[in-house]
Amino acid sequence: MKKVMLSSFALSLILAGCSDNKNNMHSQDSPMNNGPMGGEEDEVQGMGGMQGMMNHGNVPSLESSEGINELPIPPLMKKQQDLDFDYEVIAQEGTTEFFEGISTDTYGYNGDLLGPTLKLEEGESVDVKITNDLDEPTTFHWHGLEVPGEKDGGPHGEIQPGDSQIITLKADQPAATLWYHPHVHGSTAEQVFKGLSGMLLIDEASGYDSLPNEYGVDDIPLIFQDRLFDEDKQLNYNRLMNPDGTLGDTSIVNGTINPKLTVTKPVMRFRILNGANARNYTFRLSNGASFTQIATDGSLLDEPVETDTLTLAASERAEILIDFSTLTNEESLAIINDGGVELLPFDVALDNSSAGLTEMWTADKPFLTEQEKAMPVTKEIELFGMMKMVTINGKKFDPNRIDLRQEQGVKEVWEVYNKPDMMGGMIHPFHIHGTQFKIISRDGRDPEPNEQGLKDSVLIEPGEKVKLLVTFPEEGVFVYHCHILEHEDNGMMGQVEVY
Ligand code: C2O
Ligand code: CU
Ligand code: CU
């Protein structure tokens with residue numbers, strides 16, 4: 001990759017020409033969850049009317065953060081020195097005080113809620129001990145990491161209560177913001193809802209030294225989720241869940257309600273994860289300013305993109321740089337969602353470090369070769385349905401059925417079609433395990449500049465056909481599915497065997 005040096009100010013000028021992003025198409029009036037579907041709530045048992053109608057009525061809007069709690073940063077996982085493993089991850093029960101004086105039952109990794117961040121170097125191989133201290137089976141899935149099928153922690157990787165395993169994970173892929181979460185068929189949504197999710201970062205080995213990368217200082221993980229609490233402020237999943245994707249009215253960032261973040265450096269890097277069960281987020285800055293997107297799910301972008309809008313469906317990630325150096329003291333700034341809801345207000349208290357040079361880069365070759373673009377489609381995927389009636393190619397998940405086969409290391413073109421229904425349909429975020437793919441086209445159009453990086457999840461609009469260039473570097477059985485976790489649990493998932 002060719003590199004250029006420029007300050008963060010100059011960057012906006014240079015990139016101004018390529019800011020025509022696709023993101024506006026997924027605004028509030030996107031078809032997701034807004035279909036004209038009345039009466040659905042009556043079919044959902046054991047719920048008040050409100051939850052039942054969420055997905056096909058209105059998406060419940062989130063409350064703005066009151067900016068009361070300093071944002072917690074998940075700690076970095078500590079490398080063990082004298083044990084026969086490098087890291088330990090324990091799924092366990094706990095309690096969390098989301099609301100003052102009230103204890104909410106939660107799940108967490110190595111703690112009460114969410115999990116510590118596992119940070120690996122590009123190329124590093126580590127042994128991780130995974131332990132299930134829950135009262136139910138779980139799995140440990142490394143979302144976005146290209147590991148062999150048996151280490152992937154998909155539905156076949158169940159660990160029974162009280163059991164442990166040591167697995168080797170190798171970060172044999174470019175630097176990226178990945179994450180980990182459970183994947184037990186039928187209980188994924190509930191376990192994630194109760195708090196099981198953590199960040200998994202692959203650090204740049206070299207060459208991008210000027211990107212902010214001091215974890216927790218100028219390199220900040222942001223896990224955005226929405227939650228629904230019952231009247232006792234419990235995450236009562238069985239009562240609150242929606243089979244079309246559980247949506248909440250309470251925003252939590254890194255597990256905290258009403259967060260704010262004090263920023264001290266002029267240019268900050270944010271690693272954003274949409275960790276919600278189902279909600280799409282469209283992020284903007286409250287003053288309308290633009291920011292720089294530098295990475296997609298699985299890699300740095302071929303070329304950074306200046307934009308003022310970033311849409312992420314459930315499980316998608318992006319890395320962005322925000323320049324705080326031009327703010328005046330009085331100006332307030334927040335990351336907002338649709339409708340101006342403040343998700344994360346900032347307290348800007350810059351230390352005296354200079355804005356310095358942020359090393360940016362330009363693409364020195366096209367994202368895809370002409371030959372790759374011309375490859376024929378060899379796998380067709382059709383996503384269809386809603387609620388419990390969700391299918392892929394007309395079928396529900398069967399752990400004993402292999403749906404597709406693909407040779408290890410061989411590129412194939414997958415065409416994924418989100419088939420609309422009578423109500424218009426809804427967005428499905430499509431995710432494939434064991435691979436970082438490239439988007440070849442959306443309905444025949446080139447992917448927007450901010451999708452010209454490696455991806456493992458892709459937002460697909462109703463009626464849209466997306467072509468993906470898919471390669472599996474490792475062998476094994478991998479699932480692919482809709483990342484609305486309730487759709488996944490309802491069987492909107494298939495299996496590909498890589499041989
Ligand atoms: Cu986030 Cu099947 O995974
Ligand atoms: Cu995954
Ligand atoms: Cu779906």
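First listed ligand is number 1; within each ligand, the first listed atom is number 1. All values below come from the heavy atoms of this structure, side chains included, with hydrogens, waters and symmetry mates left out. Counting begins at 1 with the first residue of the sequence.
Within His487, the N/O/S atom positioned nearest the Cu ion (ligand 3) carries the name ND1. His143 contributes ND1 as its N, O or S atom closest to atom 1 (Cu) of ligand 1. Here the N, O or S atom of His428 that is nearest to the Cu ion (ligand 3) is ND1.
Rounded to 10 degrees, the NE2-metal-NE2 angle spanning His183 and His481 at atom 2 (Cu) of ligand 1 equals 110°.
Two rings, from Trp414 and Tyr480, have their centers less than 6.0 Å apart. Taking the six-membered ring for Trp and the full ring otherwise, His481 and His487 have centroids separated by 6.0 Å or more. Ring centroid separation for the pair Phe291 and Phe283 does not come in under the 6.0 Å cut-off.
Here His433 reaches atom 2 (Cu) of ligand 1: one of its N/O/S atoms is less than 2.8 Å from the metal. For atom 1 (Cu) of ligand 1, the N/O/S atoms of His181 include one lying under 2.8 Å. Here His483 fails the criterion, with no N, O or S atom under 2.8 Å of atom 2 (Cu) of ligand 1.
Counting only heavy atoms from C-beta outward, the side chains of Leu235 and Arg227 approach each other to under 4.5 Å. Ile223 is not listed as a side-chain neighbour of Trp179, based on a closest heavy-atom distance of 4.5 Å or more.
A donor and an acceptor atom, one from each side chain of Asp226 and Ser251, are nowhere located under 3.5 Å apart.
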